[in-house]
Amino acid sequence: MRPPYPKQFRYKRASSLEEAVDYVEQGAKPLAGGQSLSILLKLRLAEVEELVDIFGLDELRYFKVDGDVMAVGALVVHNDIAMAEEIAEWAPALRKAAWHIADLQVRNRGTIGGSLAHADPAANYIPVLVALDATVLARGKASSRAIRAEELVKGPYQTALDREIITEVRIPKWSRQAFHLVKRAGASYPSLVLAAAAQVEDGVIVNSRIAIGGFYLTPVVVKGALDGLSVSQWKEGVAKTLRELPEGTGYSDFQMDFEKKRHALPQALEVLLKELAEPRPLDLPVRKGLTYWRPRPGNTIVVNGKAYEVDVEPRVLLIDLLRRLGVTEVKRGCDEGKCGACTVLMDGRAVKSCTIFAHQAIGHEISTVKALMSGGSLHYIQRAFLEEYASQCGYCTHGFIMAVYDYLSSVDPKAGKDSLKLSIKNICRCTGYVNIVKAIRRAATYINNTHSKSS
Amino acid sequence: MVYREGLRAVTGSGEYIDDVPTPQGTLAMAIYRSPYAHALIKKVDLSDVWAKGGMAFGPQDLLKVVKNPFPNALGLPIDYYPFAVNKARFYGEPIAVVLAKDIYKAVDLLDYVMIDFEPLEPVVKIEDALSNRVLVHENLGTNVAYRRQMKFGDVESSFKNADYVVEFQFKFPRHTAMPLEPYGVVANWSGDELYVVANIQGPMLYMYFIARALGLDIRQIHLKTPRDIGGSFGIKYSLYPYITLSAAASKLVGRPVKWVETRAENLAASSSNGERTGRVELALRRDGRILAVRYHFVEDVGAYLRPPEPGALYRVHGNLNGAYDIRAIEVSHVVVFTNKMPTGLNRGYGGPQFYFALERAVDEAAKTLGLDPFEMRMRNLVVEFPLELNGWKFYETPTGGLYPQQNYLAVLKALEPEYKKWREEQRRGRRVGVGLAVLVEPSGTNLGYVDVALDAEKRKYPHSGAGEYAAMWIDPSGAVNVFVNSTNEGLGHETAIAEVVAKELGVSPDSVKVVFHVDSDQVWSLSSGSYSSRFAPVVISAVLLAARELKEKLAYAGAALLGARRVAYGEGYVYDVDKPERRLDIKKIASAVHWDPGGLPEGVRRDLASLVYFQPPNVKAPSGDRINSSATYAIQAHLAVVEEDDQGIRLIKYVVAHDAGKIIKRELLDGQMYGGIHHGVAMALYEELKYADDGTLATQLLDTYGTPTLADFLDLEVELIHFETPGGFIPSGAYGAGEGPVMGAPAAVANAVADLLGVSIREIPIKL
């Protein structure tokens with residue numbers, strides 16, 4: 001119950017992959033988006049001597065089709081995986097997994113390589129990549145190597161990596177894929193993460209892999225259980241998968257113990273394999289292009305248009321720097337990067353300022369609601385929140401407005417139900433969310449009216 | 001008019017405790033807290049903190065400033081200090097404080113606090129407490145703080161003559177409504193006077209506790225709240241131990257001190273409701289009429305009995321018959337200590353637990369009798385209000401409550417179409433569960449209810465605090481200024497007051513300035529504060545009376561200025577009744593009175609100010625075991641519809657029909673009700689403060705506490721059906737409505753799940 005402020009550490013920013021690999025060889029821990037690591041450091045569940053920030057290395061952001069494999073750069077953020085046309089086409093299960101990661105703010109910062117290296121037992125990607133039989137490229141000082149996804153994770157938060165940085169994920173093509181997770185609702189992490197991949201020829205499955213995360217201490221894979229069946233024989237598929245499921249050490253989390261998971265597994269597999277049989281198109285937007293994060297040179301951060309020198313310890317969180325600068329509209333509501341009250345825009349993307357160290361923001365532009373108000377008049381999202389009485393105590397409001405701003409401008413201007421549900425998971429304790437949802441919908445109509453007027 | 005609090009919120013310009021400018025030289029405080037639920041403190045060594053350049057104080061240092069323990073409602077000899085002395089009694093109990101120039105440094109220095117503990121076996125469960133094998137307070141010789149039994153009406157013969165007796169056993173969890181903004185305090189001394197800014201919720205009764213603990217007179221304390229408070233829901237009622245602790249640290253270090261709580265500290269060591277187990281017995285007639293009810297409640301108040309506890313058992317004392325005409329009631333209470341966080345107010349104080357027990361039992365009774373739960377309730381609702389008092393009609397409950405006349409049947413009937421619709425869906429084979437709950441929401445607490453915990457002969461003084469001051473004056477520009485010594489934690493009170501005053505005086509809301517925060521240097525009453533939904537019945541009544549007095553003063557001055565014999569006030573003007581075209585607006589009168597008071601004739605009062613104290617009628621000290629525990633009571637009927645999928649239970653529809661008297665501002669009322677439903681649903685399906693077997697808190701993160709996010713409420717359709725029957729016995733005519741939803745939702749959702757699964761739900765949260 002120690003207040004969540006991290007211990008002192010050293011911080012370096014890598015300007016190239018080579019430099020990053022050198023630091024890692026010397027013992028520094030790579031910091032990508034830091035959406036998990038920063039929280040462990042705050043809660044003092046992890047300690048580091050030195051961090052090397054690799055998040056600005058845009059050379060690790062790409063999608064490339066290379067024969068029958070798609071190569072994904074390790075620093076592609078979750079939101080780009082969720083929304084990229086390339087992924088929707090090639091790896092729909094990975095797309096769905098990405099959409100189900102935390103919320104928009106986490107997806108803006110979290111990276112596929114970072115998630116794999118962190119190896120959280122509840123992580124969404126690992127079972128998918130295991131099912132898709134993906135390969136991870138890891139770069140060390142002396143050499144590079146390829147690690148099969150199913151051999152990467154050695155235990156909760158443990159991987160086969162040894163002073164290496166993940167640079168790329170290589171995904172083969174499968175004709176059928178599915179993803180499903182079991183999560184006890186609320187702010188909790190998923191308890192079971194399931195993925196399936198199948199090659200189908202003439203209606204018959206000729207190769208199949210089903211991976212389950214969160215069930216045993218490491219993700220488990222069942223190979224070939226569906227082979228010889230047709231995709232519509234999902235009932236037999238469930239039975240065969242359960243029969244062929246290897247033994248393992250059960251993993252209990254706070255929401256579900258292993259017994260409950262075992263009880264829930266058949267139904268979850270059923271949902272998964274039904275989806276494999278009848279893929280339902282996701283009602284979620286796609287877009288072209290990638291988000292780049294290379295910082296501008298210099299030692300300043302720009303806050304609402306004004307540049308500030310950053311002269312704080314590396315461990316100081318962005319939220320604290322901002323508040324010391326008088327930007328007190330940014331609020332702290334939890335210890336774990338969940339409530340979203342601290343949300344600000346970083347280069348136009350919503351991020352949680354309590355999960356980012358101030359030094360990570362050097363060379364970037366931070367905006368709060370003050371930057372949205374042109375000439376002192378209310379932005380349409382502010383107006384919608386005011387008109388719908390979408391605030392009561394007002395403590396969460398700023399974070400909501402910033403998250404909704406990014407959601408409506410970069411994710412889904414129509415505020416479709418599914419994208420909203422998977423994007424905005426900020427916490428409010430007063431409104432019961434009813435008027436906030438109304439305000440988001442109203443704001444969406446304001447944008448769409450503006451668009452139709454201008455066109 | 002513009003929603004004032006909303007404008008501050010959307011522009012990021014609210015001022016909360018962590019935003020308040022601090023005096024020069026303010027130190028950040030971090031608290032060293034007990035890692036054990038129960039342990040002897042053998043030795044406290046803080047020398048390393050000092051050696052590292054920090055400052056630290058342990059129990060023996062703090063005791064030099066904190067001279068007295070906090071009192072408790074039962075007068076038990078337990079030493080409740082804001083820090084553990086000799087023994088830590090709950091996980092997270094403060095033991096020492098560390099001060100440094102910034103919070104990062106202060107937190108680092110916690111590593112250098114050296115304490116030798118001798119861990120003791122903790123008392124975690126209610127059964128452990130009752131066994132008395134291990135004691136939380138050795139000097140009491142027992143973990144049972146208190147037992148009390150009371151009877152109203154002819155309980156024995158009602159049970160003897162009953163066709164059926166239904167017994168329902170239940171357990172209600174520890175829950176915190178968890179305001180998103182945690183606690184915060186800035187404490188500073190000037191000579192022997194203490195200046196505090198803290199996000200406390202009230203009531204001002206707590207000035208006494210802080211003064212007594214620090215050995216000060218009340219006049220030496222200057223307590224303020226920031227303009228904005230980030231939610232409270234009763235939790236911030238229990239902030240005073242931390243105010244005392246921060247003040248003591250500030251005194252010892254000789255510098256201003258700032259402390260801001262973090263989320264884990266808030267979940268572990270601020271406040272919550274107590275866990276309750278117990279049973280309800282209903283004596284039933286074959287036709288469904290409830291003849292009598294027996295309650296047996298065992299309440300776990302944690303490590304200390306913190307005022308107003310055991311009030312969770314008494315807040316509902318006047319309405320123990322719920323919305324039903326039940327004439328015989330027996331209640332037995334057992335209050336136990338455990339090694340857990342001390343309890344206190346949590347939205348709906350005592351109501352969610354009580355109505356969960358009663359309304360689940362009513363469903364069980366309906367099942368036993370083969371009656372539809374809707375019909376069962378229709379047959380029992382209060383329909384007659386025969387008692388005339390203060391020009392209004394009331395139903396007098398066996399326990400002393402006075403329910404103002406309302407049409408309970410019509411309110412429940414309003415749910416019937418929706419209820420039938422879902423029953424029809426079920427008949428068509430859709431797998432849904434439908435649940436009901438009906439209740440009366442008590443609002444405008446009578447602080448005297450806590451006294452009922454004591455036998456009548458043990459009560460030293462009568463108590464009936466419930467009232468509020470409203471101060472109002474007109475400044476030289478003609479603007480109306482209103483001040484209420486209360487707190488703004490998201491209730492929209494500034495907006496509501498501005499609108500009510502503007503309407504009463506016939507002026508624009510833009511010309512009404514409202515100052516609404518705690519300032520103990522201004523006029524206050526013991527009951528001042530925002531709690532128990534007292535704003536609508538009490539505060540607005542005081543504000544209306546102050547506005548009416550101001551109108552009279554304007555009329556006097558206006559008559560003198562007009563030289564009129566007879567004047568009247570209307571729509572912002574004082575006019576000559578004989579020549580209505582001769583009139584003066586407030587601006588002109590204010591200007592004349594402020595700038596040229598000498599110009600008014602002798603004998604005319606020159607003030608344009610009013611100060612009114614309104615105590616709601618019918619609110620008196622208890623008489624024997626009976627008390628009208630609230631100023632008003634309002635009917636609410638709830639309907640919940642649930643489904644099940646592979647992620648668990650999903651709530652898909654929630655409807656509340658209710659009558660809260662006059663509606664002051666519908667948008668704000670709706671918002672309070674939506675929020676209350678959300679908290680009740682969180683209790684029923686999501687959140688619980690869970691303790692491990694060793695007494696440490698297992699739910700220190702939002703992840704484990706299970707807090708619902710926006711995404712969880714996106715599929716839920718909420719509907720409110722408002723009835724509006726203004727209550728003629730109070731000036732506002734309005735009753736509270738912000739707590740009824742949280743009182744009814746746990747029961748309605750549990751009833752819906754029981755309906756869906758065909759099992760009895762005895763515990764929440766329901767997690768399949």
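In what follows, chains carry the letters A, B, and so on, assigned in the order in which the sequence lines appear, proteins first and then strands, with residues in each chain numbered from 1. Small disclaimer: the values here were computed from a predicted structure and weren't measured.
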Exercise. Quick one: what part of Asp111(B) sits under 4.5 Å from any heavy atom of chain A, side chain, backbone, both or neither?
Worked result: both

For this session: Tell me, for Ala698(B) versus chain A, whether the close heavy atoms (under 4.5 Å) come from the side chain, the backbone, both or neither.
Result: both

Exercise. Does the pair Lys331(A)/Asp18(B) count as a salt bridge with the N-to-O cut at 4.0 Å?
Worked result: no

Exercise. Salt-bridged, Asp712(B) to Lys425(A), with N to O below 4.0 Å?
Worked result: no

For this session: Under 4.5 Å heavy-atom distance to chain A, tell me which part of Leu702(B) shows up: side chain, backbone, both or neither.
Result: both

Exercise. Is a salt bridge present between Lys438(A) and Glu667(B), judged by a nitrogen-to-oxygen distance below 4.0 Å?
Worked result: no

Exercise. Do other residues, nucleotides or ligands put more than 12 heavy atoms under 6.0 Å from the OH atom of Tyr380(A)?
Worked result: yes

Seminar exercise, completed: Per-residue tally against chain B (heavy atom, under 4.5 Å) across Lys370(A), Met373(A), Gln8(A), Arg332(A) peaks at Lys370(A)

Exercise. Most heavy-atom pairs under 4.5 angstrom with chain B, which of Glu270(A), Arg383(A), Arg315(A)?
Worked result: Arg315(A)

Seminar exercise, completed: Bottom line for Tyr32(B): the part with an atom under 4.5 Å from chain A's heavy atoms is neither

For this session: Using a cut-off of 6.0 Å, state whether more than 12 heavy atoms not belonging to Tyr686(B) lie near its atom OH.
Result: yes

Exercise. Top residue by heavy-atom pair count (under 4.5 Å) with chain A, among Arg650(B), Gln647(B), His678(B)?
Worked result: Gln647(B)

Exercise. Counting a contact as any heavy-atom pair under 4.5 Å apart, which residues of residues 417-424 of chain A contact chain B?
Worked result: Lys417(A), Leu420(A), Lys421(A), Ile424(A)

Seminar exercise, completed: Scored by heavy-atom pairs under 4.5 Å with chain B, the best of Lys7(A), Lys338(A), Glu329(A), Arg323(A) is Arg323(A)

Problem set entry | Heavy-atom pair count under 4.5 Å with chain B, highest-scoring of Met256(A), Gln267(A), His398(A) | Gln267(A)

Problem set entry | Gly231(B) backbone acceptor or donor facing Arg429(A) side chain under 3.5 Å | no

Problem set entry | Arg2(A)/Asp108(B) ion pair, N-O < 4.0 Å | no

For this session: Just say parallel, tilted or perpendicular for the rings of Tyr3(B) and Tyr389(A), cut-offs at 30° and 60°.
Result: parallel

Exercise. In terms of heavy-atom proximity below 4.5 Å to chain A, should Asn266(B) be classed as side chain, backbone, both, or neither?
Worked result: neither

Exercise. Among Leu386(A), Ile436(A), Val369(A), Ile381(A), who wins on heavy-atom pairs under 4.5 Å with chain B?
Worked result: Leu386(A)

Problem set entry | Ala9(B) backbone acceptor or donor facing Gln382(A) side chain under 3.5 Å | no

Exercise. Side chains of Tyr104(B) and Asp320(A): is there a donor and an acceptor less than 3.5 Å apart?
Worked result: yes

Problem set entry | Salt-bridge criterion met for Lys183(A) and Asp646(B) (N-O under 4.0 Å) | no

Exercise. Which bit of Gln672(B) comes within less than 4.5 Å of chain A, counting heavy atoms only: side chain, backbone, both or neither?
Worked result: both

Exercise. Checking Asn426(A) side chain against Thr709(B) main chain: does a donor-acceptor pair fall under 3.5 Å?
Worked result: no

Exercise. Does atom NZ of Lys105(B) have more than 12 heavy-atom neighbours from other groups under 6.0 Å away?
Worked result: no

Problem set entry | Heavy-atom contact with chain A under 4.5 Å, split by part of Val107(B) | both

Seminar exercise, completed: Taken to the nearest 0.5 Å, the spacing of Cys428(A) SG from Tyr674(B) OH works out to 13.5 Å

Exercise. Got a sec: does the NZ of Lys767(B) have more than 12 other heavy atoms crowding it under 6.0 Å?
Worked result: yes

Seminar exercise, completed: CG of Leu180(B) to CD of Gln392(A), rounded to nearest 0.5 Å, is 13.0 Å

Seminar exercise, completed: If one checks every heavy atom of Val2(B) against chain A at 4.5 Å, the contacting part turns out to be side chain

